[in-house]
Number of protein chains: 2
Amino acid sequence: MVGGGQLARMTHEAGIPLGIRFKLLSDTPQDSAAQVVADVVVGDYRDLETLRDFARGCDVITFDHEHVPTEHLKALEADGIPVRPGPDALVHAQDKGVMRERLAAIGVPCPRNRIVADPADVARFAAEGDGWPVVLKTVRGGYDGKGVWVVRDEAGAAEPFRAGVPVLAEEKVDFVRELAANVVRSPHGQAVAYPVVESIQVDGVCNEVVAPAPGLSEELSGEAQRIALTVAEELGVVGHLAVELFETRDGRVLVNELAMRPHNSGHWTMDGAVTSQFANHLRAVLDLPLGDPRPRSRWTVMANVLGGDYPDMYPAYLHCMARDPGLKIHMYGKDVKPGRKVGHVNTYGDDLDEVRERARHAADYLRGTITQ
Amino acid sequence: MVGGGQLARMTHEAGIPLGIRFKLLSDTPQDSAAQVVADVVVGDYRDLETLRDFARGCDVITFDHEHVPTEHLKALEADGIPVRPGPDALVHAQDKGVMRERLAAIGVPCPRNRIVADPADVARFAAEGDGWPVVLKTVRGGYDGKGVWVVRDEAGAAEPFRAGVPVLAEEKVDFVRELAANVVRSPHGQAVAYPVVESIQVDGVCNEVVAPAPGLSEELSGEAQRIALTVAEELGVVGHLAVELFETRDGRVLVNELAMRPHNSGHWTMDGAVTSQFANHLRAVLDLPLGDPRPRSRWTVMANVLGGDYPDMYPAYLHCMARDPGLKIHMYGKDVKPGRKVGHVNTYGDDLDEVRERARHAADYLRGTITQ
């Protein structure tokens, strides 16, 4: 696996019972996954020779992030190393312009969008539709709200063009909430769909996930799963695919973003589903039969643990374990910095309000925003 | 953790979400746990200086097996390293003579037993009770049926004395089945009890575990849990304690063996309980609050995967995953040898017959004793 973040850490955890020999390419020996994996190569994934050396002897290469250059992935494939997801699929998670064009071509509903040349062009884009505000995104390099701007007039549209990266304009969707449809697809085309979840974002960062999305109609849930399965199939995705969606006020779902790797909106599956997203991602990239994606409990809630003002989380950690013996804590081994994702908690049960309160309390207490 | 077997492998797996930096002392770099742990020291646990070097910088030492000499553990404690479980507790899992004497002193029901000097003394022991057969055990070094003999007359009682280790004689209990009561205790005395399970042994090796033990009366179940909690408390056990029991034909439970570490009879907890035995063992030895031991499903069945005649298990592995997407497979990364424990499977659900058939089928298919 290329990339030593928490996704790689949790993928290794899921690989242990599968008997998988996991090899990691990590930026530093201190990275989240490098702390727990036996076979670690420290190196820069942007360097082709480093990647080639790493890939030697691997049965398959997969990723903790989308940042490996497409041409490097093609070079690895030319060397005969299976790359999953492959570069032709992964480019749609790397480049939002390519993604939007392809989704339009296969008839998947998206917000109105087009590549824009400059602030004046953004004004034209606004005038072509319902006017301001308009969402601008650099086509490459954004994550967790970075590389995304909501602009209210032409003067405010200058900033995104400064990086010199193509800019995509999108209508500001009038949504009631955000959903995520997680699916996993294997090389010979087997696919499984997890229940559609509600994802609650704060400042562009995923804060909480409720599985399944409360009150979602069977029709919209089915539509969201169909969209995700269609995208996986049409784009040739192998492994886990997260499709982030808007549920609009007028009862439609529109695709917001794609991620071709285990995803924050699927962390609930570690304790809430028969087979976790990490186990199924590994099963897919190794072309093993996929595991049952069904939920084990009526409700599962995931809350991200963000760093707060107190670098030492240990006393809070003890408190939360003592208060709620059923709390499932997942820590990433990362130093605490304000706003940084350092872990997550999962809770499950029959009563949504209670399950949600338990997750919320633990995440807030660990962050230090509440003290009792 | 001292010892690189599958118990250490699964303990590391459970430690990843807890954010624990896991350090391993392993006999070889190929051991089951050494394949998946980042921080591995290869060395001989029987050598005190190796243990001392390993222990430096550890917050606490715990074990994958009971074979570390008591005097070495005392030396580590004298060096100021917390050893959990401590040598004064662990000796009861190391020496069956010491164990029997102590259990008698605290009023825990055991089979009739005493240390015997020679075959003639075994004959006297038989005559003192219900006669032959008699069970003989070397007080140290046995496991999985090794170091245990069932003898039918004085002439047959010579073998156990050949090793020069003290020999314990026990009545051959007329039992209807074997049970196991698993509990976990922390340094400040918090304790949790898992549901009592039925353990099905074949040739002295655990083959299958059913959780909870079907049809066990509340009274006997409570009695078994009370015995395990009493033993943990009175012996000062810290960490996981497995108490193997006989359920007698006349409706009592008698203690057979103790293990002070995660135990085969607790593997079902990985998929069947809110908190696994491995997570709770770690929480105990680190003096963290313990996790909820309750079951997540009506029934969970664990079946050991033993090596068969086919060293390549991969095609069978694919078959089992495809046949049963809800099967939870746990492989240990060990080479296949006939009769060797190389993994286990867990299944869970509401219908015991079905849950049991699924586990049995997978274990038998992986071993190669059935082919469809």
Side-chain angles (χ1 to χ4, degrees), chain A residues 9-10 12-22 24 29 32-40 190 192 270-271 274-275 279-280 283 286-294 296-297 313-314 317-334 342-346 348, chain B residues 9-10 12-22 24 29 32-40 190 192 270-271 274-275 279-280 283 286-294 296-297 313-314 317-334 342-346 348:
Chain A
R9 180 183 176 102
M10 294 184 276
H12 173 54
E13 181 190 340
I16 293 173
L18 293 171
I20 290 167
R21 301 274 186 131
F22 193 85
L24 184 74
S32 177
Q35 296 169 20
V36 299
V37 171
D39 192 358
V40 180
Q190 193 192 8
V192 295
M270 299 177 83
D271 301 298
V274 175
T275 313
N280 261 338
R283 287 165 79 143
L286 290 161
D287 207 7
L288 296 166
L290 301 180
D292 189 341
R294 280 179 296 182
R296 285 198 70 174
S297 293
M313 225 174 235
Y314 188 72
Y317 186 65
L318 289 183
H319 172 87
C320 289
M321 283 187 168
R323 181 182 192 265
D324 184 355
L327 183 70
K328 306 306 290 183
I329 305 185
H330 300 268
M331 300 304 289
Y332 306 155
K334 292 161 92 169
V342 296
H344 70 269
V345 296
N346 285 333
Y348 52 80
Chain B
R9 180 184 176 101
M10 294 184 275
H12 173 54
E13 182 190 338
I16 294 173
L18 293 170
I20 291 166
R21 302 273 188 132
F22 194 86
L24 184 75
S32 177
Q35 296 169 20
V36 299
V37 170
D39 192 357
V40 180
Q190 192 194 7
V192 295
M270 299 177 83
D271 301 297
V274 175
T275 313
N280 261 338
R283 287 164 79 143
L286 291 162
D287 206 8
L288 296 166
L290 301 181
D292 189 340
R294 280 179 295 183
R296 285 198 71 174
S297 293
M313 226 175 235
Y314 188 72
Y317 185 66
L318 288 183
H319 172 88
C320 290
M321 283 186 167
R323 182 181 191 265
D324 184 354
L327 183 71
K328 305 306 290 183
I329 305 185
H330 300 268
M331 300 305 289
Y332 306 154
K334 293 161 91 170
V342 296
H344 70 270
V345 295
N346 285 333
Y348 51 80

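Protein chains get the first letters and strands the later ones, always in sequence-line order, with residue 1 at the start of each. These values consider heavy atoms only, across backbone and side chains, with no hydrogens, waters or symmetry-generated copies. In this text the structure is predicted, and so the values were computed from the model without any measurement.
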Self-check item: Toward chain A, the part of B/Lys334 with a non-hydrogen atom under 4.5 Å
Solution: neither

Practice problem: Check B/Ile16 against A/His12 and note the closest heavy-atom contact, atom names and distance. | Solution: CD1-CD2, 4.1 Å

Quiz item: Can you tell me how far CG of A/Asp324 sits from CG of B/Asp292, rounded to the nearest 0.5 angstrom?
Solution: 8.5 Å

Self-check item: A/Tyr314 versus B/Leu286, closest heavy-atom pair with distance
Solution: OH-O, 4.2 Å

Practice problem: Check whether B/Arg283 gets within reach of chain A through its side chain, its backbone, both or neither, counting any heavy atom under 4.5 Å. | Solution: side chain

Quiz item: Highest number of heavy-atom pairs under 4.5 Å with chain B: which of A/Val37, A/Ile20, A/Ile329, A/Asp39?
Solution: A/Val37

Self-check item: Residue B/Val40 versus chain A: region with a heavy atom under 4.5 Å
Solution: neither

Quiz item: For B/Tyr332, is it the side chain, the backbone, both, or neither that has a heavy atom closer than 4.5 Å to a heavy atom of chain A?
Solution: neither

Exercise. Of all the heavy-atom pairs spanning A/Ala38 and B/Ala34, show the shortest one and how long it is.
Key: CB-O, 3.9 Å

Exercise. Indicate the atoms forming the closest heavy-atom contact of A/Tyr317 with B/Leu18, along with that distance.
Key: OH-O, 2.6 Å

Quiz item: For B/Thr275 and A/Pro325, which heavy atoms make the closest approach, and how far apart are they?
Solution: OG1-O, 4.0 Å

Self-check item: Per-residue contact mode, B/Arg21 against chain A (heavy atom under 4.5 angstrom)
Solution: side chain

Quiz item: When heavy-atom pairs shorter than 4.5 Å are enumerated against chain A, which of B/Pro17, B/Pro289, B/Ser32, B/Ala14 gives the highest number?
Solution: B/Pro17

Quiz prompt | Closest non-hydrogen atom pair between A/Asp271 and B/Arg296, with its separation | solution = O-NH1, 2.6 Å

